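Read through the structure below, which is laid out as structure tokens, and then see the notes.
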Amino acid sequence: MKGWFEEDTTKERFFCGVFLYYGGKVSKKEREDGYMAESTFTYEAKGQVLVIHMPKELDHHNCRNLRYETDLLLAENYITKIVFDFSKTQFMDSSGIGILLNRYKQMERSGGKVAIYGAGVQILRVLTIGGIGKLVPRYDSKEAAIAG
């Protein structure tokens, strides 16, 4: 694991079983230790924005982990916006809708925002049927989602 502070401003921290990256990108080479399996989430903090990179499949098994890990991250950090990255997600069930609604309500109560980017046709269909499309804005890129 890299140090907490680095020359290139990329920092990572291990917190309660979660790697949290501050700035910069994590290359595939850096993650060859097997950390990112198909059902895990990665979290990236950019200032007061938390970017959550969703796994290939988002179901009731890994939604429990997402809920627990984001509860810990939101409790310890001052987050004003959550951005969900669905670029690698191919399957999502109603548990995914539930966690998105939960985070939307939590951010709304605290005056924060939620955004989505990278969702494919199938995931967009699930989000629309679940009513998320009316509540959460969708963007084409991570940069637009963070700025929006």
Side-chain angles (χ1 to χ4, degrees), residues 1-6 10-28 30-120 122-139 141-143 145-146 148:
M1 187 159 114
K2 295 181 187 176
W4 192 208
F5 298 98
E6 294 193 12
T10 300
K11 301 166 217 151
E12 73 178 30
R13 185 174 83 176
F14 188 73
F15 174 72
C16 293
V18 179
F19 277 102
L20 182 60
Y21 297 94
Y22 290 89
K25 291 184 177 179
V26 179
S27 70
K28 198 171 193 177
E30 291 172 309
R31 300 294 1 145
E32 286 178 351
D33 60 358
Y35 159 68
M36 189 172 165
E38 290 296 318
S39 64
T40 61
F41 303 88
T42 54
Y43 303 87
E44 184 180 356
K46 291 186 175 275
Q48 296 175 341
V49 177
L50 177 63
V51 179
I52 303 174
H53 302 280
M54 307 303 261
K56 184 177 180 179
E57 295 185 2
L58 184 59
D59 56 21
H60 70 282
H61 295 293
N62 55 19
C63 277
R64 261 182 289 153
N65 295 338
L66 177 61
R67 184 173 289 116
Y68 174 74
E69 292 168 356
T70 55
D71 280 345
L72 292 173
L73 292 169
L74 292 172
E76 184 177 273
N77 301 284
Y78 182 69
I79 302 296
T80 59
K81 187 172 197 174
I82 298 175
V83 175
F84 290 96
D85 169 14
F86 282 97
S87 59
K88 294 181 181 168
T89 307
Q90 296 176 359
F91 172 81
M92 180 171 69
D93 66 10
S94 60
S95 302
I97 296 293
I99 192 73
L100 289 172
L101 285 173
N102 181 278
R103 294 302 164 221
Y104 171 79
K105 289 178 186 177
Q106 185 176 15
M107 292 307 291
E108 186 179 50
R109 281 192 304 268
S110 64
K113 297 179 180 180
V114 175
I116 292 170
Y117 80 94
Q122 181 139 353
I123 299 303
L124 286 176
R125 187 175 304 133
V126 173
L127 293 172
T128 302
I129 291 169
I132 299 293
K134 295 177 183 175
L135 301 173
V136 179
R138 181 176 61 91
Y139 297 91
S141 69
K142 177 168 71 170
E143 294 76 20
I146 291 171

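Computed from a prediction, not measured in an experiment: that's the story for all the values here.
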* Closest contact, heavy atoms only, Asn62 versus Pro55 -> ND2-CG, 3.6 Å
* To do: With sequence neighbours excluded, tell me which residues meet side chain to side chain donor-acceptor pair (under 3.5 Å) with Tyr117.
  => Asp85
* Structure fact -> Residue set satisfying salt bridge (charged side-chain N to carboxylate O under 4.0 Å, His left out) with Arg103, at least two apart, ordered chain then number -> Asp71
* Does Thr80 have any side-chain contact (heavy atoms from CB on, under 4.5 Å) partners at least two apart in sequence or in another chain, and if so, which? -> Gln48, Tyr78
* Are any non-hydrogen side-chain atoms of Met54 and Ile123 less than 4.5 angstrom apart? -> no
* To do: Sequence neighbours left out, what pairs pass salt bridge (Lys or Arg N to Asp or Glu O under 4.0 Å) with at least one residue falling in residues 91-100?
  => none
* Asked: Is the shortest heavy-atom distance from the side chain of Tyr43 to the side chain of Thr70 under 4.5 Å?
  -> yes
* Can you tell me how far CG of Leu58 sits from SG of Cys63, rounded to the nearest 0.5 angstrom? -> 4.0 Å
* Structure fact -> Exactly one candidate in Ile82, Leu100, Val114 meets side-chain contact (heavy atoms from CB on, under 4.5 Å) with Val136; the answer is Val114
* To do: Any chance you could measure Leu124, atom CG, to Ile132, atom CD1, to the nearest 0.5 Å?
  => 12.0 Å
* Structure fact -> Hits for side-chain contact (heavy atoms from CB on, under 4.5 Å) against Ser141, two or more places apart or cross-chain, chain-then-number order -> Glu143, Ala144
* Asked: With sequence neighbours left out, what residues match Lys81 under side-chain contact (heavy atoms from CB on, under 4.5 Å)?
  -> Val49, Val83, Lys113, Ala115
* Any side-chain heavy-atom pair from His53 and Glu44 closer than 4.5 angstrom? -> yes
* Structure fact -> Output for pair (Ile129 CD1, Ile97 CD1), nearest 0.5 Å, gives 8.5 Å
* Asked: Hey, what do you get for CD1 (Ile99) to OG (Ser94), rounding to the nearest 0.5 Å?
  -> 12.0 Å
* Nearest-0.5 Å distance, CD1 of residue Ile52 to CG of residue Leu73 -> 7.5 Å
* Structure fact -> Rounded to the nearest 0.5 angstrom, the CG-CZ distance for Leu127 and Phe84 is 10.5 Å
* Asked: For Leu135, which residues count as a side-chain contact (heavy atoms from CB on, under 4.5 Å) partner, sequence neighbours excluded?
  -> Leu101, Tyr104
